[in-house]
Q: 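Here it is, the structure, as structure tokens.
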Amino acid sequence: MRIATWNVNSAKQRMPRLLPWLQQRRPDIVCLQETKLTDAAFHDLFDSPLAELGYEVAHHGQGGYNGVALLSRVGLDDVEAGFTGQPDYDGRAEARAVSATCGGVRVHSLYVPNGREVGSPHYQYKLAWLDALAVAVAAGPAEVALCGDINVAPADIDLFDPAAFEGHTHVTEAERQRLGAFGLIDVVRARWPEHDSVYSYWDYRAGMFHQDYGMRIDLVLASGSVADRVAAAWVDRAARKGRLPSDHAPVIVDLDVALDGDIGPIVPPPSKPGRRAGSGKVKLPHAVD
DNA sequence: ATGGTTGCGCTGCAA
């Protein structure tokens with residue numbers, strides 16, 4: 001069973017890439033983030049082509065910003081938009097989470113708040129959002145996979161240059177502590193314990209992707225029972241290349257058996273010793289992500 | 001080079 005998660009940065013703009021990618025990689029369960037569509041607009045655009053590919057669809061959107069979806073060919077039961085106790089921002093409930101039971105696993109498609117600036121109201125919201133999610137997940141099924149744009153780099157190895165991120169969000173102790181509090185397994189890191197260059201996000205600007213100045217912030221966090229079944233876990237860098245990509249690449253996890261052959265490399269590019277030693281000379285073009 | 005991109009939706013904000 002193949003699970004994939006991808007922040008598409010507008011499902012409408014990404015449609016010409018998303019549908020061929022589904023046919024190429026053939027994931028059984030797909031978590032999408034930043035669809036930037038209302039439910040009605042998503043269903044109008046995607047229900048027909050996704051049904052042809054065999055997917056059931058759940059979408060939780062607001063239009064303009066945020067928006068998450070779950071696609072499944074292995075069942076899509078007990079769909080929940082948002083989660084119990086999800087905090088509001090500025091008095092509004094944002095469309096950042098949808099979950100369902102697919103193939104026996106409780107799968108969450110998540111778009112964690114960015115946080116913007118350390119200490120800002122949005123940063124406090126991010127921490128509270130993660131705290132509330134941990135409570136909700138702990139109260140749910142034991143077989144669980146949190147998939148999505150988590151907007152936290154779990155460790156310094158997940159950054160092209162840790163020095164460039166000092167004082168920024170995504171790397172603070174408070175954020176990393178929240179990740180650990182889930183008590184789940186980061187399956188890509190578990191599979192590639194020493195690799196940098198398993199980034200999942202590269203800023204559009206300043207040739208960041210070309211130079212492989214990336215971050216690993218799109219994660220699959222799985223319970224032990226699910227993590228024990230992982231046969232392959234990788235980042236589909238090819239989907240970040242070419243014309244009009246998302247700024248994120250998909251993360252793909254195979255349970256029980258690794259799909260093989262023509263579906264692309266399951267080994268990340270080799271580490272680049274010295275890269276992360278970083279003098280801090282590379283400056284972020286702006287606040288993270 | 002104190003820069004650089006994309007998307008939404010209309011002017012500047014978010015990422």
Side-chain angles (χ1 to χ4, degrees), chain A residues 5-18 21 31-42 44-46 59-69 87-97 109-127 129-130 148-153 158-161 163-172 175 199-219 237 239-251 279-289:
Chain A
T5 183
W6 191 7
N7 178 324
V8 293
N9 186 21
S10 173
K12 185 177 181 179
Q13 296 306 316
R14 221 58 61 209
M15 186 149 69
R17 300 181 66 115
L18 175 58
W21 177 83
C31 301
L32 302 177
Q33 299 86 37
E34 280 205 89
T35 62
K36 298 186 176 180
L37 293 170
T38 62
D39 291 343
F42 186 91
D44 283 350
L45 282 169
F46 286 98
H59 183 265
H60 178 42
Q62 60 187 76
Y65 297 102
N66 306 318
V68 286
D88 291 351
Y89 185 69
D90 258 356
R92 304 187 316 264
E94 297 186 310
R96 295 182 175 273
S109 179
L110 303 170
Y111 179 42
V112 175
N114 173 285
R116 299 182 189 167
E117 302 290 337
V118 175
S120 68
H122 204 267
Y123 179 78
Q124 298 304 328
Y125 166 58
K126 178 180 194 175
L127 298 181
W129 200 95
L130 287 167
D149 180 353
I150 304 301
N151 267 327
V152 180
D158 301 309
L159 306 168
F160 70 86
D161 179 0
F165 291 86
E166 284 173 17
H168 288 275
T169 60
H170 296 56
V171 303
T172 65
E175 291 164 279
Y199 308 129
S200 65
Y201 164 81
W202 303 257
D203 196 284
Y204 281 129
R205 289 165 286 189
M208 299 287 272
F209 179 68
H210 181 69
Q211 299 169 88
D212 199 22
Y213 289 161
M215 307 171 70
R216 195 174 68 90
I217 55 176
D218 300 88
L219 308 176
R237 293 174 57 90
R240 181 61 176 79
K241 299 178 179 176
R243 185 174 143 71
L244 294 180
S246 170
D247 43 1
H248 296 252
V251 177
S279 53
K281 284 179 182 169
V282 179
K283 290 167 78 172
L284 294 183
H286 61 96
V288 178
D289 193 12

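We name chains A, B, ... by the order of the sequence lines, and we start the count at 1 in each one.
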Q: Over 60° means perpendicular and under 30° means parallel, so classify the ring planes of A/Tyr199 and A/Trp202, tilted if in between.
A: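 Ring orientation, 0 to 90° scale: perpendicular.
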Q: Please give, in whole Å, the distance from B/dG7 C1' to A/Met15 CE?
A: 16 Å
Q: Can you check the A/Trp202 CH2 to B/dT5 C1' distance for me, whole Å?
A: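 It is 16 Å, rounded to the nearest whole Å.
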Q: According to the interplanar angle, ranging from 0 to 90°, do the rings of A/His248 and A/Tyr201 count as parallel (below 30°), tilted (30 to 60°) or perpendicular (above 60°)?
A: tilted
Q: Is a donor on one side and an acceptor on the other found under 3.5 Å between the side chain of A/Arg14 and the backbone of A/Val8?
A: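 Yes, the answer is positive, given that a donor and an acceptor are paired below the 3.5 Å cut-off.
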Q: Tell me the interatomic distance from A/Asn7, atom CG, to B/dG7, atom P, rounded to whole angstroms.
A: 12 Å
Q: How close or far is atom P of B/dT5 from atom OH of A/Tyr213, stated in whole angstroms?
A: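 My rounded result for the distance is 17 Å.
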Q: Do any side-chain nitrogens or oxygens of A/Ser10 fall under 4.0 Å of OP1 or OP2 in B/dT6?
A: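 For A/Ser10, the contact criterion (side-chain N or O under 4.0 Å from OP1 or OP2 of B/dT6) is not met.
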Q: Expressed as a whole number of Å, how far does the C1' atom of B/dT6 sit from that of B/dC10?
A: 16 Å
Q: Could you state the atom-to-atom distance from NE2 of A/His210 to C1' of B/dG4 in whole Å?
A: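 From A/His210 NE2 to B/dG4 C1': 14 Å.
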Q: Let me know the distance between CZ of A/Arg205 and P of B/dG7, rounded to the nearest Å.
A: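 Spelled out: CZ on A/Arg205 to P on B/dG7 is 13 Å.
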Q: Return the minimal non-hydrogen interatomic distance between A/Ala153 and A/Leu159, and the atom names on each side.
A: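 For A/Ala153 versus A/Leu159, the nearest heavy atoms are CB-CD2, 3.5 Å.
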Q: Could you check how far CD of A/Gln13 sits from P of B/dT5, rounded to whole Å?
A: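 For the pair A/Gln13 CD and B/dT5 P, the rounded distance is 17 Å.
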Q: Determine, for A/Asp212 against A/Arg240, whether the closest basic-nitrogen to carboxylate-oxygen distance falls under 4.0 angstrom.
A: no
Q: When you measure from the side chain of A/Lys36, which nucleotide among B/dC8, B/dA14, B/dT6 comes out closest?
A: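 That would be B/dC8.
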Q: Taking 4.0 Å as the cut-off, does a side-chain nitrogen or oxygen of A/Arg14 come that near to OP1 or OP2 on B/dG7?
A: yes
Q: Measure from CD on A/Gln33 to C1' on B/dA14 and round the result to the nearest Å.
A: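 Rounding to the nearest Å, CD of A/Gln33 and C1' of B/dA14 are 17 Å apart.
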Q: With nearest nucleotides of DNA chain B determined for A/Gly115 and A/Pro245 from heavy-atom distances, which residue corresponds to the more 5′ nucleotide?
A: A/Pro245
Q: Return whichever of A/Gly63 or A/His122 has its heavy-atom-nearest nucleotide of DNA chain B closer to the 5' end.
A: A/Gly63
